[in-house]
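Quick notes on the structure that follows.
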Amino acid sequence: MFGIPLVYIWLALTIVFVIIEVATTDIASIWFAAGALVSTIIAWIAPQAFVLQAVVFAVVTVVTMYFTKPVLTKYLTKKTPTNMDMYIGRNAEVISDISPDSAGRAKIGGLAWQAKSDAVINKGEMCRIVKIEGASLVVEKITVNQ
């Protein structure tokens, strides 16, 4: 191709894909780099077999992406906490009765929230925020031992 041996073209592509991968903050081209690297080896062994090299590039890229992307995404993706996440685990004051059948209200940080619980928690008692679902706090009753 253009008088340049294919092994050098595949090697250059491998380097370009690695540079792109290093330059980005997300997993972007590592699979293409793997495919190009294997195609570089094939081009070194069989320099005239361009179709084979292209097929190997495509297959290796797709296979490595299929098997590694879910694992890499799981372990490398960071959950960004929101401002609401800072309330989880903190205590709130119940300002209207909460029961399993009806939501009440709880106050934390000067803000009143709708609050749900599996237990009955009366106005004036304290509760602990377990999680946030939409615009509602999910709370639990605080007992003396907690």
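For the numbers below, each heavy atom of this structure counts, side chains included, while hydrogens, waters and symmetry mates do not. Just so it is clear, the structure is predicted and the values come from calculations on it, not from any experiment.
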_Distance check, rounded to the nearest 0.5 Å: I30 atom CD1 versus T68 atom OG1?_
8.5 Å
*Is it true that V59 and Y66 fall in one hydrophobic cluster, defined by side-chain heavy atoms closer than 4.5 Å?*
yes
*Might you work through the side-chain contact (heavy atoms from CB on, under 4.5 Å) test for K69 and W31, ending with a clear yes or no?*
CA-CA 9 Å; K69 186 169 183 170; W31 306 285; 3.8 Å; yes
*Hey, do the aromatic rings of W10 and F57 have their centres closer than 6.0 Å?*
yes
*With sequence neighbours left out, which residue pairs that include part of residues 112-124 fulfil the side-chain hydrogen bond (donor to acceptor under 3.5 Å, both in side chains) condition?*
K116-E133
*Indicate yes or no: at least one non-hydrogen side-chain atom of V120 is less than 4.5 angstrom from one of D97.*
no
*Would a hydrophobic clustering, with Ile, Leu, Val, Met, Phe, Trp and Tyr connected at side-chain separations under 4.5 Å, put F67 with M65?*
no
_Using side-chain heavy atoms (C-beta onward) and a distance below 4.5 Å, is R128 in contact with V139?_
no
*Is L111 close to Y87 at the side-chain level, that is, under 4.5 Å between some pair of heavy atoms?*
yes
*Group every Ile, Leu, Val, Met, Phe, Trp and Tyr by side-chain heavy-atom contacts under 4.5 Å, then state whether I45 and F50 land in the same group.*
yes
*From CD1 (I15) to CD1 (I19), nearest 0.5 Å*: 7.0 Å
_Main-chain N/O of Q53 paired with S39 side-chain donor or acceptor, under 3.5 Å_ = yes
*How long is the span from the CG atom in L13 to the CD1 atom in I20, to the nearest 0.5 Å?*
9.5 Å
*If Ile, Leu, Val, Met, Phe, Trp and Tyr residues are connected whenever their side-chain heavy atoms lie under 4.5 Å apart, and connections chain through other members, are F32 and V7 in the same group?*
yes
*Heavy-atom closest contact (C127 atom, A106 atom, distance)*: SG-CB, 4.2 Å
_Between CD1 on residue I121 and CD1 on residue I142, distance to nearest 0.5 Å_ = 8.0 Å
*Does E93 reach the main-chain N or O of M126 with its side chain, forming a donor-acceptor pair under 3.5 Å?*
no
*Kindly indicate, with the supporting measurements, whether the criterion side-chain contact (heavy atoms from CB on, under 4.5 Å) is fulfilled by I132 and L137.*
CA-CA 5 Å; I132 298 174; L137 301 176; 3.9 Å; yes
*asked:* Rounded to the nearest 0.5 Å, what separates atom OG1 in T14 from atom CD1 in I9?
replied: 12.0 Å
_Using every non-hydrogen atom in the two residues, find where I95 and K107 come nearest and quote the distance to one decimal._
CG2-CB, 3.9 Å
*So which heavy atom on L6 is nearest to which on P47, and how close?*
CD1-O, 3.7 Å
*Spell out, as yes or no, whether a donor-acceptor pair under 3.5 Å connects the side chain of T40 to the backbone of L11.*
yes
*Without swapping roles, check the side chain of S29 against the backbone of F17 for a donor-acceptor pair under 3.5 Å.*
yes
*S99 backbone acceptor or donor facing S102 side chain under 3.5 Å*: no
_Check: R105 side chain, A112 main-chain N or O, donor-acceptor pair, under 3.5 Å_ = yes
*Treat each ILVMFWY residue as a node, draw an edge where side-chain heavy atoms are under 4.5 Å apart, and state whether V38 and L52 are in one component.*
yes
*Got a second to check how far L37's CG is from T61's OG1, nearest 0.5 Å?*
10.5 Å
